[in-house]
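Input: a single structure, listed below in structure tokens.
Protein chains get the first letters and strands the later ones, always in sequence-line order, with residue 1 at the start of each.
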Amino acid sequence: MRTGMCGEVGPADVGTKVRLCGWVARRREHGEHLAFVDLRDRTGIVQCVVDGSVELRTEYVVAVSGVVRRRPAGMENPALATGEVEVGDCEVEVLAAAEPPPFLVEDRADVDETVRLRYRYVDLRRPRMQANLRLRATVVGAIRRAMDRQGFCEVETPLLWSPTPEGAREFAVPSRLQRGSFYVLPQSPQIAKQLLMVGGFDRYYQIARCLRDEDLRADRQFEFSQLDMEASFVTQSDVLGFVSDAVLDATEAATGERPPPIAQMTWAEALDRYGTDKPDLRIETSLVDLGEVFAGTGIRAFAGPCVKGLRVPGGATTSRSALDALTARARSLGAKGLAWFRVSGDAGGTLEVDSPLARVLGDDERDGLLAAADARAGDLVLAVSDEHRVACRVLGQLRLELCGKPVGEGPHRYVWVVEFPMFEAIGADGHPVAAHHPFTMPHPDDLDLMATDPLSVRSQAYDLVLNGWELGSGSVRIHRADVQARVFSALGISDEEAESRFGFLTGAFRYGAPPHAGFAFGIDRLAAVLAGEESIREVIAFPKTQSGADPLTGAPKPLSASALAELGIGIVAR
RNA sequence: GGACCUGUGGUGCAGCUAGGAGUGCACGCCGGCCUGUCAAGCCGGAGGUCGCGGGUUCAAAUCCCGUCAGGUCCGCCA
């Protein structure tokens, strides 16, 4: 039906007769003797010249036959990839007429989200969405090749799974054959892939759909895709290597540049230096410890168990009212207050400090503060005194708000965050809460701390972070029944409860479970960052709105009474 | 469950603080003119229950209350 693609016509084709198919992007008519038709397909736009008038409208689907020719001198269009040439002597055949689209099929048309989604098939024609979905496909292809190359076997796992009440809310699917019973859609193939390890598939991966019935965000949809992988007879370091290969290959395939090998930092270091477990390493400045500087201070505001500082480069011009707002922001984040120091310098290079605390600040303290923060003239230095965790988290958040940039901007800075704590807090029942999941292997050095000091137990769990976004997480799993029992015990999960929730997994482990470890990361998030987007909706063909609706199909919708009856479902009014 | 922002011809906005006739801008659409344009140009035209409901007022796009939708975030996401 066609001899080539619109965006690929070039000087090499001059003199060739072509037939191109696509949509009318634009037409410029000059009376009955001359008309220009910009024809668009997925590859781009080419100008077609008709010697006569045309009966065309925007978005008509047409086939154009003509001869490629060099444009007359001075008529080239450098803004167009095909701008050196045009298709001349064109005959146009209308394959399908079209009503005017609800919005222009161009990137610069900034359209309301509902309208875009209601007419997603039009939105998808826009170069941005074409590029994003193709980039996503490139990313997935590179990941598949990397996993295949490393000897991994792609295995599919069920979408209709068994309820295993754990973390995320699950989508339920009623069983027609066993009325009153339900499947659930998997929040991840976690248990299935561990069963595959017991089953001897010692290197498994899958581009897996995961479904979680939790509130939606710019980086969260009900359904999303993960590169899910698991391997037997491997160490944590092996897993980081497998995954690094996949994401670096994907990044190189998508952007043409291969980032450097991915550095590791411990969870404790991430918190201490960046105030978060998902640090954005594109931001140069990081938190500094001011504890020594103010060790013997008389300043009551700095009496807390920990004093942390943050240098804001160029922040000295921040107005008094903005600093007041910043202080209020710090309080709303949980700090007792916020100290600020505007740094200026005279011609001789002496640094001056402007601060409400300037009067009570000793000279040594001032010099120590400036040195610790590495402050220069024109900077702003912020300080919070509190419990270590609070001081770090508050300043870490301010670091993002004052120095951060959109996730898709700038270089791609990956980092592995390792040695996550095994438990994140003591729950209402007096037992610690698992930070990752209950099959995570504790750090071998910390096994004996589980009973005495659970919150200090490190785990063999790790996250992959890209530009401040958590891409995914994984862990070395427990494969020994005695260790698993100790973890269940620490978590306050009784033998009976463990049996009813995870019995089929622990049961499988009795028949020979290899040591294994794995990982999973979000394809949508990776693709969004690599595409320079801030929302994963931009790399998903048919996403849901924040209220979980699909404006195109109208989902979710009520089910007919007969359909409900067949499923044995009754609707209870609120 | 909560906070904030947005909702005005098909699209994007201005108008709202300080109430006075649906006023304006850009794009698109329709018709006409035009033989080298390329976000074509010129001339003319059509198109809006100002998201919805209620209240205040002589008078509401504008002020108040409620509600719906979209977005961002908190909670939630082992």
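- Remark: W416(A) pairs with F519(A) by the ring pair (Phe, Tyr, Trp, His ring centres under 6.0 Å) rule, at least two apart or across chains.
- Every ring pair (Phe, Tyr, Trp, His ring centres under 6.0 Å) that F222(A) has, sequence neighbours left out, goes to F171(A).
- Across the C1' atoms, rA26(B) and rG71(B) are found 24 Å apart, a figure rounded to whole Å.
- Not a single donor-acceptor pair, N or O on each side, falls under 3.5 Å between the base of rU35(B) and the side chain of E32(A).
- Going from the P atom of rG45(B) to that of rC4(B) covers 46 Å, rounded to whole Å.
- Note: CD (E534(A)) to P (rC73(B)) measures 9 Å, nearest angstrom.
- rU67(B) sits 31 Å from rG24(B) when the C1' atoms are compared, rounded to a whole Å.
- Residue contacts shown for P102(A) are limited to sugar-phosphate atoms, with no base heavy atom under 4.0 Å away.
- The base of rC34(B) has none of its N or O atoms less than 3.5 Å from a complementary donor or acceptor on the side chain of R28(A).
- Put simply, CZ on R116(A) is 14 Å from C1' on rG12(B), counting in whole angstrom units.
- If you take atom P in rA21(B) and the same atom in rU6(B), they sit 24 Å apart, rounded to whole Å.
- E86(A) comes within 4.0 angstrom of a base, heavy atoms only.
- Across the C1' atoms, rU23(B) and rG47(B) are found 16 Å apart, a figure rounded to whole Å.
- Between P186(A) and R209(A), every side-chain heavy-atom pair lies at or beyond the 4.5 Å cut-off.
- For the pair R116(A) and E538(A), the salt-bridge criterion is met [side-chain N within less than 4.0 Å of a carboxylate O].
- R69(A) comes within contact range of at least one nucleobase, with a heavy-atom separation under 4.0 Å.
- Here A35(A) lies out of heavy-atom contact (under 4.0 Å) with every strand.
- Applying the salt bridge (Lys or Arg N to Asp or Glu O under 4.0 Å) criterion to R169(A), with sequence neighbours excluded, gives E214(A).
- To the nearest whole angstrom, the two P atoms, one in rC43(B) and one in rU49(B), are 29 Å apart.
- Closest non-hydrogen pair, L310(A) versus L395(A), comes out as CD2-O, 3.8 Å.
- Here salt bridge (charged side-chain N to carboxylate O under 4.0 Å, His left out) pairs that include residues 395-408 of chain A, with residues two or more places apart or in two chains, are R329(A)-E401(A).
- Scanning for side-chain contact (heavy atoms from CB on, under 4.5 Å) contacts around P100(A) gives an empty result, with sequence neighbours left out.
- Taking atom CE of M75(A) as the reference point, atom P of rU35(B) lies 15 Å away to the nearest angstrom.
- By the stacking rule of 5.5 Å between ring centres and under 30° between planes, H33(A) stacks on the base of rU35(B).
- The interatomic distance linking F224(A) (CZ) with rC77(B) (P) rounds to 13 Å, in whole Å.
- Counting non-hydrogen atoms under 4.0 angstrom, Q187(A) reaches nothing in the nucleic acid.
- Among the heavy atoms of the strands lying under 4.0 Å from N77(A) is at least one base atom, whether or not backbone atoms are also near.
- Atom CG in D107(A) sits roughly 15 Å away from atom C1' in rU11(B) (whole-Å rounding).
- Evaluation of the salt bridge (Lys or Arg N to Asp or Glu O under 4.0 Å) rule for R57(A) yields no partner, not counting sequence neighbours.
- Near RNA chain B, defined here as any heavy-atom distance below 4.0 Å, the residues from residues 204-218 of chain A are R212(A), E214(A), D215(A), R217(A), A218(A), listed numerically.
- Counted by atom type alone, E533(A) and N132(A) present one or more donor-acceptor pairs between their side chains at under 3.5 Å.
- Taking atom CZ of residue R71(A) and atom C1' of nucleotide rA40(B), one finds them 13 Å apart after rounding to whole Å.
- For H437(A), the ring pair (Phe, Tyr, Trp, His ring centres under 6.0 Å) test picks out F439(A), with sequence neighbours left out.
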List, with names and distances, any nitrogen or oxygen atoms from the protein found under 3.5 Å away from nitrogen or oxygen atoms belonging to nucleotides 68-70 of chain B.
| residue | atom | partner | partner atom | Å |
| --- | --- | --- | --- | --- |
| rG70(B) | OP1 | T545(A) | OG1 | 2.8 |
| rG70(B) | OP1 | S547(A) | OG | 3.1 |
| rG70(B) | OP2 | S547(A) | OG | 2.8 |
| rG70(B) | O4' | T114(A) | OG1 | 3.3 |

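- rU37(B) and rG12(B): their C1' atoms are spaced 26 Å apart (whole Å).
- Nucleotides rG15(B) and rC58(B) place their C1' atoms 23 Å apart, quoted to the nearest Å.
- As judged by a 4.0 angstrom heavy-atom cut-off over every strand, R501(A) is placed among residues making no nucleic acid contact.
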Do any side-chain atoms of residues 32-39 of chain A form donor-acceptor pairs under 3.5 angstrom with protein atoms, and if so which ones, sequence neighbours left out?
| residue | atom | partner | partner atom | Å |
| --- | --- | --- | --- | --- |
| D38(A) | OD1 | R28(A) | NH2 | 3.0 |
| D38(A) | OD2 | R28(A) | NH1 | 2.9 |
| D38(A) | OD2 | R28(A) | NH2 | 3.4 |

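- In this structure, E424(A) places its CD atom 12 Å from C1' of rC76(B), rounding to the nearest Å.
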Grab the N/O contacts between the protein and nucleotides 26-29 of chain B below 3.5 Å, and write none if there aren't any.
| residue | atom | partner | partner atom | Å |
| --- | --- | --- | --- | --- |
| rC29(B) | OP1 | T58(A) | OG1 | 3.1 |

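- In this view, D463(A) satisfies the salt bridge (Lys or Arg N to Asp or Glu O under 4.0 Å) rule with no residue, not counting sequence neighbours.
- E76(A) comes within contact range of at least one nucleobase, with a heavy-atom separation under 4.0 Å.
- If you measure from atom CG of L80(A) to atom C1' of rG36(B), you get 15 Å, rounded to the nearest angstrom.
- Ring geometry for F502(A) against F488(A) counts as parallel: the plane angle stays under 30°, on a 0 to 90° scale with 60° as the upper cut.
- The partner of rA26(B) is rU11(B), judged by Watson-Crick or G-U wobble contacts that both fall below 3.5 Å.
- Between R169(A) and R537(A), the residue anchored closer to the 5' end of RNA chain B is R537(A), taking for each the nucleotide with the nearest heavy atom.
- Remark: ring of F36(A) overlaps the six-membered base ring of rU37(B) in a stacked fashion, centroids less than 5.5 Å apart, planes less than 30° apart.
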